[in-house]
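Data block below; observations after.
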Amino acid sequence: MVTVDFSNKTVLVTGSSKGVGAATARIFAKAGARVCVHYHADVAGGKAVLASLEGAGHTLLQANISDPHAARRLVDSAVTKLGRLDVLVNNAGIFRPHPVDGTMDFDRWLETFHATISTNLIGPAAAAFAAIQHMRKQGGGAIVNVGSRGAYRGEAGQVGYGAAKAGLHSLSQSLAQAVGGDNITVHAVAPGFIETAMARAHLQGEAGEAVKAQSPLNRVATVDEVARAILYLSSPEARFTTGSVLDINGASYLH
């Protein structure tokens, strides 16, 4: 049950055509916000999420977050469509294997590593920069970045993913210090595995059972659990926790 009121607030959720982003868009709309749904290539998914949102005044935009200029234009366009921007949720990301064991040639490895850093760190940084400019003018706002437990425990087969998410956590903390005086809060969430299409292959069979057993709760997070955490961190009730990184991994990794 949603208890936080976001009536008369506007929210941009990147990567909201599926998974955590879609759940986040829906929970904000249920709380009264007008939401900008963002997609990169899945236009059908974006339209489906848009149609599923409660309330009115929502909008849909396309952008390739791996391009920082496109990320900035996305934020500016969302402000144009919505009239203002109260909350930015940097959720869009990719998780592509690029091991260093020699099975991938250097040029392909570097291309994948670069794409991972660009999408998971540089694009969100550009979006945050653009959002901060608007939020300063309107008197405040909130930014929530979706990180990962991989920032702490490492990601052996996707080294760029772990590096990017660690950078995103640190970026969140630095921005919280930089813009707190402008009435802007910045948080990050650090989920472990989540029941999404991106993680489905890792949750099948014996390997999937082993993943679930990493938590004493013997399961992984749901998209709604992560969405509820994002909603809370975006609310006035969470203002004094600005700069924090909230673990959502069912005690599967403690630090």
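Residue numbers run from 1 in the order of the sequence given. As the structure is a prediction and not an experimental result, all values here were calculated from the model.
In this structure R239 satisfies the salt bridge (charged side-chain N to carboxylate O under 4.0 Å, His left out) test with no other residue, sequence neighbours excluded. Listed by chain and number, the residues in a salt bridge (charged side-chain N to carboxylate O under 4.0 Å, His left out) with E209 are K212 (sequence neighbours excluded). Listed by chain and number, the residues in a salt bridge (charged side-chain N to carboxylate O under 4.0 Å, His left out) with D86 are R84 (sequence neighbours excluded). With sequence neighbours excluded, no residue satisfies salt bridge (charged side-chain N to carboxylate O under 4.0 Å, His left out) with R96.
With rounding to the nearest 0.5 angstrom, the CD1 atom of I230 is 7.0 Å from the CD1 atom of I248. In this structure, S172 OG and N90 CG are separated by 8.5 Å, a value rounded to the nearest 0.5 Å. Note that the CZ atom of F6 and the OG atom of S234 stand 5.0 Å from one another [nearest 0.5 Å]. The CG atom of L88 sits 5.5 Å away from atom CG of L12, with the distance rounded to the nearest 0.5 Å. Separating the OG1 atom in T196 from the NZ atom in K18 is a distance of 10.0 Å, to the nearest 0.5 Å. In this structure, CG in L175 is found 4.5 Å from CD1 in I132, a value given to the nearest 0.5 Å.
Of all heavy-atom pairs spanning P216 and G250, the tightest one is CD-O, 3.1 Å. Considering every non-hydrogen atom in both A190 and V245, the closest pair reads CB-CG1, 3.9 Å. Contact between A126 and A71 at its shortest, heavy atoms only, is CB-CB, 4.2 Å. Nearest heavy atom pair, residue T14 against residue N91, reads OG1-N, 2.8 Å. I94 approaches A115 most closely through the heavy-atom pair CD1-O, 3.6 Å. Nearest heavy atoms, A70 versus A63: O-CB, 4.1 Å.
Side chains of H255 and D247: a donor on one and an acceptor on the other come within 3.5 Å. No side-chain donor-acceptor contact under 3.5 Å links D224 and T222.
Residues E155 and R153 are in side-chain contact: their nearest non-hydrogen atoms beyond the backbone lie under 4.5 Å apart. Looking at V75 and F129, their side chains never come closer than 4.5 Å, going by heavy atoms from C-beta outward. Counting heavy atoms from C-beta outward, R34 and K9 have side chains that stay 4.5 Å or more apart. You'll find the side chain of T10 stays beyond 4.5 Å of the side chain of C36, heavy atoms only. Using a 4.5 Å cut-off on side-chain heavy atoms (C-beta onward), T241 and L246 make no contact. Between V4 and Y232 the shortest side-chain heavy-atom distance does not fall below 4.5 Å. By the 4.5 Å heavy-atom criterion applied to side chains, M135 and D182 are not counted as neighbours.
Annotation for Q177: atom CD does not count as buried by contact number, only 12 or fewer foreign heavy atoms lying within 6.0 Å. Atom CD of E206 sits in a sparse spot, with 12 or fewer heavy atoms from other residues, nucleotides or ligands closer than 6.0 Å. More than 12 non-hydrogen atoms from other residues, nucleotides or ligands lie less than 6.0 angstrom from CG of D101.
Remark: the backbone N or O of S148 is paired with a side-chain donor or acceptor of H169 at under 3.5 angstrom. Between the side chain of N249 and the backbone N or O of P191 there is no donor-acceptor pair closer than 3.5 Å. Between the N120 side chain and the A164 main chain, no donor and acceptor come within less than 3.5 Å of each other. For N145 (side chain) and A188 (main-chain N/O), no donor-acceptor pair under 3.5 Å exists by modelled atom type. When atom types are taken as modelled, the side chain of T80 and the backbone of D76 share a donor-acceptor pair closer than 3.5 angstrom. At distances below 3.5 Å, at least one donor-acceptor pair connects side-chain atoms of N183 with backbone N or O atoms of G139. The main-chain N or O of S7 is found under 3.5 Å from a side-chain atom of D5 such that the two form a donor-acceptor pair. Under the 3.5 Å distance criterion, the side-chain polar atoms of H187 are matched with a main-chain donor or acceptor of T242.
Under the 4.5 Å side-chain contact rule for hydrophobic residues, L233 and V13 share a cluster. Taken together through direct or relayed side-chain contacts under 4.5 Å among Ile, Leu, Val, Met, Phe, Trp and Tyr, L61 and Y39 form parts of separate hydrophobic clusters. At a threshold of 4.5 Å between side-chain heavy atoms, the hydrophobic network of Ile, Leu, Val, Met, Phe, Trp and Tyr places V189 and V87 in one connected group. Note: the hydrophobic cluster containing V11 also contains V144 (ILVMFWY, side chain heavy atoms under 4.5 Å, direct or indirect links). Clustering ILVMFWY residues whenever any of their side-chain heavy atoms sit less than 4.5 angstrom apart, transitively, puts V223 in the very cluster that holds L231.
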Tell me which donor-acceptor pairs under 3.5 Å the side chains of residues 107-114 have, and how far apart each pair is, sequence neighbours excluded?
residue, atom, partner, partner atom, Å
W109, NE1, H98, O, 2.9
T112, OG1, R108, O, 3.0
H114, ND1, S118, OG, 3.4

Give the table of side-chain donor-acceptor pairs shorter than 3.5 Å for residues 42-53, with sequence neighbours excluded, one pair per line with atom names and distance.
residue, atom, partner, partner atom, Å
D42, OD1, G45, N, 2.8
S52, OG, R26, NE, 2.9
S52, OG, V49, O, 2.7

ask   = After noting the C-alpha distance and the side-chain angles of I194 and V20, does the key distance pass the side-chain contact (heavy atoms from CB on, under 4.5 Å) rule?
value = CA-CA 8 Å; I194 312 168; V20 169; 3.7 Å; yes
inquiry  = Determine whether H38 and L74 satisfy the following criterion, side-chain contact (heavy atoms from CB on, under 4.5 Å), listing intermediate values before the conclusion.
reply    = CA-CA 8 Å; H38 158 257; L74 170 65; 3.7 Å; yes
